[in-house]
Amino acid sequence: MDEGLRRQYLDAMGIESWVPRRSGGNPLTVNERQAAACPPDVKPLQPEASPSPPLWLEEVPPPTEEWVPLEMPPTEPAPEADIASLDWPALAQRVSCCTACELHAGRRQAVFGVGNRSANLMVIGEAPGAEEDRQGEPFVGRAGQLLNAMLLAIGLQRAQVYIANILKCRPPGNRDPRPEEALRCEPYLRRQIALVQPRVILAVGRIAAQNLLKSQEAVGKMRGRPFRFGEIPVVVSYHPAYLLRSPDQKVRAWQDLQQVAALLKD
Ligand code: SF4
């Protein structure tokens with residue numbers, strides 16, 4: 001209908017009509033009216049084109065019957081389960097041939113352990129040093145002599161106790177054992193403890209105490225406190241090599257030895 005005729009018709013019926021106009025007087029289009037109603041920073045909604053799938057999705061071939069799950073290698077028995085059943089000769093043989101960590105490459109020989117295999121007291125140290133590596137026995141040299149004197153002070157000959165280390169092979173340059181090395185070597189010490197079945201364990205030095213008791217504490221904070229390895233009481237004390245460098249700490253080491261003696265009497 002002609003716009004002029006439509007307006008005359010509506011006027012005759014008494015109906016007012018309103019049409020927005022441009023400044024020049026022409027009516028606004030639908031889009032112009034919608035844009036005028038929006039805040040300046042809001043655009044009128046436009047219909048969205050449906051997104052096309054990403055290329056990588058289209059490139060994945062559909063599964064076929066040729067797709068088969070990867071075969072997992074058979075689970076090997078944990079080495080510790082094997083070591084835990086060894087007797088003394090087999091255990092000593094296993095340690096002497098062990099290549100479970102990189103320390104085997106630099107050793108002259110593995111240092112297994114020494115002493116009474118039915119001892120009431122087991123002394124556990126850190127790792128072989130140069131002299132131990134040469135002689136194949138733990139706690140020799142000056143530190144070993146001091147340990148012997150400490151044991152005698154509570155009435156024990158060296159041959160009456162069993163002595164072993166956390167590590168059986170010498171770390172180069174006498175550096176601290178690395179956690180992975182201690183972990184690899186742990187089954188051997190566990191088996192030694194299980195075979196000896198000592199009534200008391202004396203852990204000398206930070207490395208021995210921390211690895212045996214799975215702790216990060218300093219020796220000074222651990223000594224004097226009651227610990228257990230399984231059911232076995234553990235006394236923590238200073239390493240004889242440290243006592244040689246810090247003789248003022250011998251008084252504390254003597255207190256620890258008295259604690260050992262008291263436990264052995266129980
Ligand atoms: S340190 Fe222990 S785990 Fe490492 S090679 Fe020697 S015996 Fe084996």
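Atoms within each ligand, like the ligands themselves, are counted from 1 in listed order. Counting from 1, the numbers follow the sequence of the chain as shown.
- Donor-acceptor pairing under 3.5 Å is recorded for the side chains of Arg223 and Gln255.
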Distance-only donor-acceptor hits, side chain of residues 233-244, under 3.5 Å, sequence neighbours excluded:
residue: Ser237; atom: OG; partner: Asp256; partner atom: OD2; Å: 2.6
residue: His239; atom: ND1; partner: Ala241; partner atom: N; Å: 3.0

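- Backbone or side-chain N, O or S atoms of Cys169 do not reach atom 8 (Fe) of ligand 1 at under 2.8 Å.
- Of the protein's non-hydrogen atoms, the one nearest atom 4 (Fe) of ligand 1 is Cys101 SG, 2.3 Å.
- The nearest N, O or S atom of Cys185 is closer to atom 2 (Fe) of ligand 1 than 2.8 Å.
- When each of Arg107, Arg175, Arg170 is checked for a salt bridge (charged side-chain N to carboxylate O under 4.0 Å, His left out) with Glu181, only Arg175 meets the rule.
- Protein heavy atom closest to atom 8 (Fe) of ligand 1, with residue, atom name and distance, is Cys98 SG, 2.2 Å.
- Of all the atoms in ligand 1, the ones that sit under 4.0 Å from a non-hydrogen atom of His104 are 5 (S).
- Near Arg107, the atoms of ligand 1 lying under 4.0 angstrom from a non-hydrogen atom of the residue are 5 (S), 6 (Fe).
- Residues Ala208 and Ile166 share a closest heavy-atom pair of CA-CG1, 3.7 Å.
- Ion pairing between a basic and an acidic side chain is recognised when a charged N comes within 4.0 Å of a carboxylate O; Arg184 and Glu102 show no such pairing.
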